[in-house]
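In what follows, a single structure is set out as structure tokens and then discussed.
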Amino acid sequence: MTTVSKDSPSILHVDLDAFFASVEQRENPEIRGLPVVVGGLGGRGVVAAASYEARKFGIRSAMSMAQAKQACPTAIFLAPRFDLYSEASHAVMEILGEFTPLVEPLSMDEAFLDVSGARRTLGDGLEIGQLLRARITAAVGLTASVGIATSKSLAKIASEDAKPDGILVIEPGHEIEYLHALGVERLWGVGPVTREQLTKLGIITIGDLASRSLDETISVLGPSQGNHLYRLAWNQDDREVVPNNSQKSISHEETFSVDISDRKLLEGKVRRLSDRVGERLRSQEAATRTITLKIRSHDFRTITRSRTLDQTTDRSFEIAQAAQRLLKTVDIGGGVRLIGVGAQIAVSDQGIQESLAFDGPPRGHLEVTLDAVRDRFGPGAVVSARDAVDSPDQAPKKGTKGGSKKTR
DNA sequence: TCTGGGGTCCTAGGACCC
DNA sequence: TCTGGGGTCCTAGGACCC
Ligand SMILES: [Mg+2]
Ligand SMILES: [Mg+2]
């Protein structure tokens with residue numbers, strides 16, 4: 001048993017280093033120590049992962065493979081092998097689960113852990129972080145970096161600074177000095193567009209953002225993002241680690257090596273993509289009601305068209321039919337670069353019942369319902385049972401149901 | 001050889017409802 | 001009675017993440 005002070009940080013962000021490239025280097029000893037670039041080889045590919053050796057040449061995720069080749073012609077260029085990465089990912093997540101059930105995967109190669117319960121037996125966050133890093137390397141042959149802090153946002157930022165193969169604890173009381181020295185783009189949720197907006201206002205660092213008034217931040221970024229980022233800039237982030245998040249959509253898309261203008265050809269592509277979407281729906285015993293067609297034109301402009309059906313389906317044919325009908329409404333004049341088919345996963349009545357049983361009714365729904373009744377029948381129509389007096393106006397009529405079953 | 005593929009969440013307007 | 005005010009659903013677009 002270890003003694004751990006109560007305010008010792010207990011949120012861990014675990015992130016594998018150069019994930020796809022590291023798996024490839026693990027598989028093939030001959031490319032260890034060499035610049036390795038994993039990405040699409042088909043002419044229009046981008047970099048999915050670059051080994052640290054490749055990063056020395058300026059190669060980064062999301063740059064085109066063509067650019068990467070220019071930066072380092074002698075690098076090893078590999079097509080991704082997702083089955084391999086998926087297997088490694090599962091193995092890592094399983095290890096994380098040995099430390100606490102509170103594991104929230106964010107992607108194939110990263111997860112949050114809340115170890116506040118596990119610390120009593122396993123040690124503080126730092127000790128647990130070192131333990132699981134060693135376990136991952138020994139069992140899976142990959143290195144992981146870990147950020148540890150009192151909030152998700154800060155733990156995630158810290159894991160970047162821990163890389164590669166490192167660990168970093170942001171001690172309580174030192175959070176603000178650490179955070180405020182960083183560029184705003186380091187905040188989770190600030191991308192190129194937001195960073196540019198902030199730069200125009202002279203906001204370069206997180207400290208700059210924090211020193212402005214909340215009102216100013218909101219006037220530029222809107223109430224939602226403004227509030228959120230302002231809070232993050234002061235390390236005010238009370239989001240909890242939530243395991244077992246359910247998937248909300250399934251999609252497949254394809255970028256063609258040459259733009260396509262032939263409708264028949266595109267219809268065939270839609271059919272094949274719909275098959276894959278349907279297959280995955282059925283394998284999860286899920287269904288969809290809303291289908292989305294995505295088209296990116298030769299000029300990189302992207303549109304989506306979606307259609308909600310009257311009834312849910314898990315049949316590839318119906319998905320394809322909906323998507324092909326949407327395709328007919330789109331002008332494909334200059335050629336199509338990418339086409340995609342997506343399906344929103346419908347929440348089954350059973351799922352709703354389970355979530356009601358588990359979480360209680362979502363407040364929004366209940367209150368809307370009550371308000372609607374009051375709106376129709378007057379303020380006395382619904383009162384708390386505690387306050388109900390035995391008057392004809394307020395007593396429930398005989399035969400009133402306890403609750404309705406279907407919420408939507 | 002410009003710009004992947006898989007996702008999540010937010011915004012905003014119109015329809016519809018009470 | 002020149003304007004109610006919300007709420008949800010649907011659709012389209014866009015920022016962001018890995
Ligand atoms: Mg990573
Ligand atoms: Mg990652």
Side-chain angles (χ1 to χ4, degrees), chain A residues 13 15-16 18-20 38-49 60-70 73 77 79-80 82 85-86 89 105-111 156 159-160 185 187-197 221-229 245-258 273 276-277 280 289-310 326 329-330 337-345 362-378 381 407-408:
Chain A
H13 182 257
D15 196 321
L16 301 173
F19 180 42
F20 296 175
V38 179
L41 302 180
R44 283 175 161 177
V46 300
V47 175
R60 294 289 180 276
S61 287
M63 70 193 268
S64 74
M65 288 293 267
Q67 276 178 282
K69 204 151 218 170
Q70 256 184 321
F77 291 89
F82 287 102
Y85 314 146
S86 174
S89 172
L106 280 190
S107 69
M108 256 203 258
D109 85 313
E110 62 186 286
K156 181 150 168 61
S159 72
E160 291 176 48
E185 71 280 357
L187 287 176
W188 189 22
V190 174
V193 174
T194 306
R195 183 181 53 83
E196 199 48 44
Q197 281 178 300
L221 301 175
S224 174
Q225 203 190 15
N227 260 306
H228 181 64
L229 292 182
N245 285 309
S246 60
Q247 191 174 359
K248 298 186 171 57
S249 66
I250 292 173
S251 68
H252 285 284
E253 63 188 48
E254 181 184 355
T255 294
F256 311 123
S257 50
V258 180
L273 293 165
R276 292 165 67 183
V277 170
R280 283 179 60 198
R289 206 163 68 86
T290 303
I291 288 122
T292 301
L293 176 75
K294 174 177 171 181
I295 288 182
R296 177 166 291 154
S297 314
H298 61 104
D299 59 3
F300 218 73
R301 283 188 322 115
T302 305
I303 63 157
T304 60
R305 293 290 178 269
S306 60
R307 174 72 205 260
T308 299
L309 309 176
D310 293 334
L326 290 166
T329 71
V330 178
R337 176 191 178 90
L338 167 152
I339 198 157
V341 175
Q344 308 230 250
I345 295 172
R363 271 190 86 68
H365 269 156
L366 178 60
E367 288 179 348
V368 171
T369 308
L370 294 182
D371 288 348
V373 173
R374 288 199 184 96
D375 215 3
R376 281 178 81 175
F377 300 110
T407 55
R408 70 187 190 88

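Numbers restart at 1 for each chain; the letters A, B, ... are given by sequence-line order, proteins then strands.
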With respect to the phosphate group of [N], does any side-chain polar atom (N or O) of [X] fall under 4.0 Å of OP1 or OP2?
X	N	answer
A/S61	C/dC18	no
A/H252	B/dG5	no
A/R305	C/dG13	yes
A/S107	B/dG7	no
A/Q247	B/dG7	yes
A/R195	C/dA15	no
A/S306	C/dA12	yes
A/R289	C/dC10	yes
A/R301	C/dG13	no
A/S224	B/dC10	no

Rounded to whole angstrom units, what separation is found between the [atom1] atom of [X] and the [atom2] atom of [N]?
X	N	atom1	atom2	value
A/F82	B/dG4	CZ	P	13 Å
A/I345	B/dG6	CD1	P	14 Å
A/L293	C/dC10	CG	C1'	17 Å
A/Q344	B/dC9	CD	C1'	12 Å
A/I250	B/dG6	CD1	C1'	11 Å
A/L221	C/dC16	CG	C1'	14 Å
A/N245	B/dC9	CG	P	8 Å
A/I339	B/dG5	CD1	P	12 Å

Looking at [options], which one has an atom nearest to any side-chain atom of [X]?
X	options	answer
A/S251	B/dG7, B/dT3, B/dG4	B/dG7
A/W188	B/dC9, C/dC17, B/dG4	C/dC17
A/L338	B/dG5, C/dT11, B/dG4	B/dG5
A/D109	C/dG13, C/dC18, B/dG4	C/dC18
A/T194	B/dG7, B/dT3, C/dA15	C/dA15
A/V193	B/dG4, C/dA15, C/dT11	C/dA15
A/A66	B/dT1, B/dG4, C/dC17	B/dT1

Students often get this wrong, so: under 4.0 angstrom with heavy atoms, is [X] touching a base, only sugar-phosphate, or nothing?
X	result
A/I303	sugar-phosphate
A/Q225	nothing
A/G191	sugar-phosphate
A/P80	nothing
A/K294	nothing
A/E110	sugar-phosphate
A/V47	nothing

Taking A/F300's backbone N and O only, do any of them form a donor-acceptor pair with A/R337's side chain (distance below 3.5 Å, no angle check)?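 It does not hold such a pair.
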Using atom types as modelled and distance alone, determine if a side-chain donor or acceptor of A/R289 lies under 3.5 Å from a backbone N or O of A/L309.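 Flag set: sc A/R289 to bb A/L309 pair under 3.5 Å.
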With rounding to whole Å, what would you report as the distance between B/dC17 and C/dG4 at their C1' atoms?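 Going atom to atom, C1' in each nucleotide, I get 14 Å.
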Flag side-chain contact, heavy atom, 4.5 Å: [X] against [Y]:
X	Y	value
A/V341	A/H252	no
A/Q197	A/T194	yes
A/L106	A/H13	yes

Across all strands shown, which nucleotide pairs with B/dC18 by Watson-Crick or G-U wobble geometry, both distances under 3.5 Å?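 Across all strands, the one nucleotide that pairs with B/dC18 is C/dG5.
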Taking pairing as Watson-Crick or G-U wobble with both contacts under 3.5 Å, can you name the mate of C/dA12, or confirm there isn't one?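 By the stated definition (distances under 3.5 Å), B/dT11 pairs with C/dA12.
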Using the rule side-chain contact (heavy atoms from CB on, under 4.5 Å), only one of A/I303, A/T304, A/L273, A/L326 pairs with A/L293; which is it?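 Single side-chain contact (heavy atoms from CB on, under 4.5 Å) partner of A/L293 among A/I303, A/T304, A/L273, A/L326: A/L326.
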Using heavy atoms to find the nearest nucleotide of DNA chain B for A/S249 and A/T255 separately, return the residue whose nucleotide is more 5′.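 Per heavy-atom nearest nucleotide, the more 5' residue is A/T255.
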Judged by each residue's nearest nucleotide on DNA chain B, which is more toward the 5′ side, A/K69 or A/R280?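 Counting from the 5' end, the first nearest nucleotide belongs to A/K69.
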Which glycosidic conformation, syn or anti, is assigned to C/dC2 if syn requires a torsion within 90° of zero?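 That one's anti.
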Applying side chain to side chain contact (heavy atoms under 4.5 Å, CB included) to A/M108 and A/F82, what does each step give before you reach the verdict? CA-CA 10 Å; A/M108 256 203 258; A/F82 287 102; 4.0 Å; yes
Hey, is A/F300 stacking on B/dT3? Ring centres under 5.5 Å, planes under 30°.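 Yes, aromatic ring over the base.
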Verify whether one side chain among A/R296 and A/T302 offers a donor that lies under 3.5 Å from an acceptor in the other.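 On atom types as modelled, these side chains qualify, holding a pair under 3.5 Å.
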